Each structure stands twice: as C-alpha cells, then as structure tokens.
2 protein chains.
Amino acid sequence: MTPQTRKKPERRTSPLSRERIVDAAIGLLDTAGESGLTFRSLSERLATGPGAIYWHVAGKSELLAAATDRVVTIALTEGTAGPPGGIHDVALGLFDAIEEHPWLAPQLTTQLSHNPTGPVTTRIFEATGRQVSALDAPASSWFTATSALMHYILGAAGQNAANLALARDLGPEADRSAYMDTVAGAWKQLSPEDYPFTRAVADQGLEHDDRVQFLAGIDLIVAGVTARPPAAQQLREGRARAAEAEPPASGRTSPR
Amino acid sequence: MTPQTRKKPERRTSPLSRERIVDAAIGLLDTAGESGLTFRSLSERLATGPGAIYWHVAGKSELLAAATDRVVTIALTEGTAGPPGGIHDVALGLFDAIEEHPWLAPQLTTQLSHNPTGPVTTRIFEATGRQVSALDAPASSWFTATSALMHYILGAAGQNAANLALARDLGPEADRSAYMDTVAGAWKQLSPEDYPFTRAVADQGLEHDDRVQFLAGIDLIVAGVTARPPAAQQLREGRARAAEAEPPASGRTSPR
DNA sequence: ACCTGAACACCGTTCAAGT
DNA sequence: ACCTGAACACCGTTCAAGT
C-alpha cells in the first residue's frame, strides 16, 4: 500500500500534505456531496488514520474553507482572464463553479457569514466590484451595487445548482427545462386567493435556459446601477423617511 | 391553531404537541444558536425523552422547516399588514426577522435549495412578487425581478445578522458601526495591486446604518426593474434564443 | 394513542504512543 | 517531524417496552 521508491536517503516527499488533503476533500465533496466528506472517509482515501489530517489542517471548518477558497480562486482567475472582462464573465465564472461543485453555494454563504474579511469573501467582492467600477455609475453607489450583485450571483447560482440536483432526482432523463415545468405545474396548484402572483408567473412560463435567466437578473441590476443613483441616501435613524422614494407606479396591479 | 379547550379540567393539556415542540425549538435556536438545538436538549426542555419527539415530528429537518415556516409566516403577515405595503415593508419584515433569529438565514437558503416548491419558498416569493407586480414594469420581467429581489433580501439580511453577531464578539460595547469600521480597517490592509477596488470602497467609508444600507440595495434593484427591460441579453457561444418581444428601450444605459 | 430510554451507527476531535 | 488508531464526547434515529 505504501510507495517504496526510496532512492534518496534524504527525506522522502511526504505522502500527506495540506494540498493533497484539500484535493482529496474537493474530490469527495464533488462525488459524495457535503455529507460524504468525513475525516474517516477522507483518511481512508488518503490511506491514513483520521488523526493524521489534524497535523496539516486545524479542523473541518478550516478544511472546508480551504476547499472553497481553492475552487473560487480558480473560477475567478479563469473568469477574469479574457480581455473583454465584464460582469457577465465574473458572474458566469461563479455560476459555472457552483454548478460544477454544488456544495460550494452553502459553503460560500458560510464564508460570507463567519469570515466576512477572509480571502474568499474578499476575492469575490473585489472581482465583482472591479466590474462595477467600470460601469457608468457614481462611486458612492459602488458598495451597494457590488453587494446587490454579489448576493444575487450567489443566491441565483446556488438555486440553479439545487434545481439541477432536484431535476436529476426526477429521473435520469429530466433536465432543467423539465424541472422548470414541474415547478410551474406545482405553482398552478396553489390557491388563487393566496397566491395570485405566483400563479400568474407560472402561467406566463418560465425561462428554460438557466444562463439566460441568470444573466437577465444581472442585467436588471446593472440597469439599476447605471440608471440613476438611488436618489436619497439621506440618513434617518429608524423610520422617518421622506416620501420621495417610491414612484406611485400607476396602480395597475394592486396587491389586495 | 390548537384546541386547548379540553372539557375535562383535571385532565392536563397534552404535554407534547407539534406546536409546543416547534415553539421550544425556536426558543432553543434563539438562545443557543443552531448548534444548540439537539433532540437531547430539546427533550430535556420539554421534560421527555428524545424518542418522544419523533411521534410528532418526522425528524430534525422537518422540525427546522417547521420552525422556519412559523417565523417567516409571522414576519410576512406583520410586514404586509400596513396599508401602504410596498417592497420596503416586505423587505424589512424579513430583514427584522432574520436579525432577530440569526439561524433563519441559513435555514432559508436550505429551504430554497431543498424544497423550492415548499411553503416557505412560495410564501416569500409571493410576498415579494406581489410588490413587484405593483411596480411599473412589464409582466415579462416579473420573475427575474422577484428572483433578484429575493436573493438580495435573503443574502443582505443574512449578512447583516452575521455582522451583528461578529460585532458582539468584538466586545459588549461594540455595535454595528464599530464593526463596519473594523471591516474597513481590514480592507485597507489589503495589497493595492490585488485589491484596488476593495481599498477604494474602504476609503470612501461604509454606511453605518444597516437599514439605510439595506434599503439602498432594494431601491437600486427597483430602479433596474422600473428603468427599462434590460436591453441586451447577448449570449456568448452561439446559442439559439427565441427573440423575446422586448422593445429596444432607447439605449441610454449601456454597460461598457 | 402516546411516551420512555437504552441502544445503534455514526460524527469531529484528542492524544499517548509509535517512527 | 510526522503519523497511528483507540478512545471520548457527542449526534440523529430507532424500537421494544411501557402507560
């Protein structure tokens, strides 16, 4: 089981290293899912004991963070490599990475929450924000715009990955568009009094192309960024807000 | 909800019920956090054995789903109660609920992923979408707009709750604005070559009022919704796409 | 019908002991 | 320095047995 190539009296290359451990962890996560990664399964794959891993890695959460950072870094450098750049590239880079590694979405929200100044969060923020700063928008809106885009990208990409997994559960034949039909079908069963909006949306059909749907959201937010700075950033503790904010919006569909 | 008007006065009301269990679970989550809820701690609180709970609830995931549904339903009915309605009310209703119950944010993304047609997801989608449909925007954009708003609300509110928890760790004195200063400080330590954008944002100072910041994001997305349908959805890599009947919308907003 | 609580099959993590 | 693997303190869940 153990390699015997020991020509040099010098120290042999260690069979265990942080990098190899992270590699194996990613492989396990990809093939067996989040619950498939345990220190026992990992040590078995690496042909060691569970305790050995702790010499290279502090614990499970650090291991997960390292795996997340690795995958995100690759996705971001690939995505931003091309000359055109643009928000679509960054967004699709993350979108594809999350689709390829479904465990990534929950891990990313964990990183955002538990370690907002950590490398993962900062990398994504920087990559997204750089594209925002290239838009025609005042610098005062950068933070808000980047934040909105980041949350949308992570949320929508995670949703897409989850949908794909559920589509697979539907049967080996089913793809995403079949699954979207299932969702629309479920929505049409809802009560008209309680869920008029959801039913209306189901009636008009859901976009079957996941990338088109995803990028439509990106473009919508970009439109908001370039449209106009959200007129008022006036400070007001608590509630008293000036009434200027919401245009009356010619009440064509009033929520009842 | 539950009948407690049992006729026999000497007969005590049933010591265990699904409702009581969910109540206790929420209490435990609020006070002890996500890791504080175990079947053992829960059964101790309810003065029973761990196995007793399984007669009323299928398992832990169902219990979590029920707790999430309960809190979300309350937040949404309170939020939409007022006559003005509007997106701000729905958004702030969820924002406050997540701030009050920090375990809610991860649970909501779990619900979205694992049960997209379940009651929690559908309730939030409907409440948000109803406000979207009241805006001055074409129905064809409703799904995209609702999806973008939902992901932003959940992501940003979760981030805020996480920030509050981290601020508390900073010391009992620290509030959110002190924590934002800490974040900005950390950002300024970043290398100028690798993180120019993040540093620039840190320099211009972060909004200290969490609600103002949150609503700025909402307004930005709303601006995108009402501005105009996103002009160009140009796809890379030839992809056959049915031409939507979308008017070109006098291109004033072009992402460069 | 509802509840008990011991038992089972796991976990992450530790640590004396080995090389 | 690096690794072993038994042991510890938990988990969620089950189930024969009680009322």
Side-chain angles (χ1 to χ4, degrees), chain A residues 1-6 8-26 28-29 31-68 103 106-107 110 114-115, chain B residues 2-4 6-8 10-26 28-29 31-68 103 106-107 110 114-115:
Chain A
M1 248 357 202
T2 17
Q4 233 46 333
T5 44
R6 180 155 119 82
K8 289 192 165 186
E10 204 198 6
R11 292 212 170 279
R12 60 193 160 114
T13 58
S14 129
L16 221 49
S17 70
R18 194 184 158 89
E19 198 192 354
R20 272 174 44 99
I21 292 173
V22 172
D23 277 344
I26 293 174
L28 225 31
L29 287 165
T31 58
E34 296 186 55
S35 64
L37 177 67
T38 71
F39 274 76
R40 280 167 180 82
S41 68
L42 189 58
S43 64
E44 190 187 353
R45 191 175 184 130
L46 292 166
T48 42
I53 299 170
Y54 281 86
W55 200 91
H56 297 90
V57 157
K60 190 168 190 182
S61 65
E62 194 197 285
L63 178 57
L64 251 4
T68 303
W103 50 271
Q107 283 309 312
T110 300
H114 294 11
N115 199 7
Chain B
T2 332
Q4 51 245 68
R6 238 28 195 123
K7 307 180 173 181
K8 306 180 182 178
E10 56 184 13
R11 238 335 184 224
R12 54 185 176 152
T13 56
S14 153
L16 222 46
S17 69
R18 192 184 158 91
E19 196 191 356
R20 272 176 44 99
I21 291 173
V22 172
D23 278 344
I26 292 174
L28 224 31
L29 287 165
T31 58
E34 296 185 55
S35 63
L37 176 66
T38 69
F39 275 77
R40 280 166 180 83
S41 67
L42 189 58
S43 64
E44 189 186 355
R45 191 176 183 129
L46 293 165
T48 42
I53 299 169
Y54 281 85
W55 200 89
H56 296 91
V57 156
K60 190 169 189 181
S61 65
E62 194 197 285
L63 178 58
L64 251 4
T68 303
W103 50 271
Q107 283 309 313
T110 300
H114 294 11
N115 199 7

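Protein chains get the first letters and strands the later ones, always in sequence-line order, with residue 1 at the start of each. Just so it is clear, the model here is predicted, and its values are computed rather than measured.
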[X] [atom1] to [Y] [atom2] distance, which is reported to the nearest 0.5 Å:
X      : Y      : atom1 : atom2 : value
B:T68  : B:L29  : OG1   : CG    : 8.0 Å
A:T48  : A:L16  : OG1   : CG    : 5.0 Å
B:N115 : B:T110 : CG    : OG1   : 11.0 Å
B:S17  : B:D23  : OG    : CG    : 7.5 Å
B:W103 : B:L28  : CH2   : CG    : 11.0 Å
A:F39  : A:E44  : CZ    : CD    : 15.0 Å

- Among D:dG12, D:dC3, C:dC3, the one nearest any side-chain atom of A:H56 is D:dC3
- If you check every side-chain atom of A:T48, which of C:dC11, D:dT4, D:dA1 has the closest atom? D:dT4
- Message: Whether the side chain of A:S41 engages the backbone of A:L37 through a donor-acceptor N/O pair (distance < 3.5 Å, no angle test) should be reported.
- Response: no
- Message: Could you check whether any side-chain heavy atom of A:H56 comes within less than 4.5 Å of a side-chain heavy atom of A:R20, counting everything from C-beta outward?
- Response: no
- Based on Watson-Crick and G-U pairs with both distances under 3.5 Å, what dot-bracket line describes DNA chain D 5' to 3', crossing pairs as [ ] and inter-strand pairs as |? ||.|||||...|||||.||
- May I ask you to say what A:L37 touches in the nucleic acid, namely base, sugar-phosphate or nothing, with a heavy-atom cut-off under 4.0 Å? sugar-phosphate
- Query: Quick one: what's the B/S/- string for nucleotides 13-19 of chain C, heavy-atom cutoff under 4.0 Å, read 5' to 3'?
  - Reply: BBB----
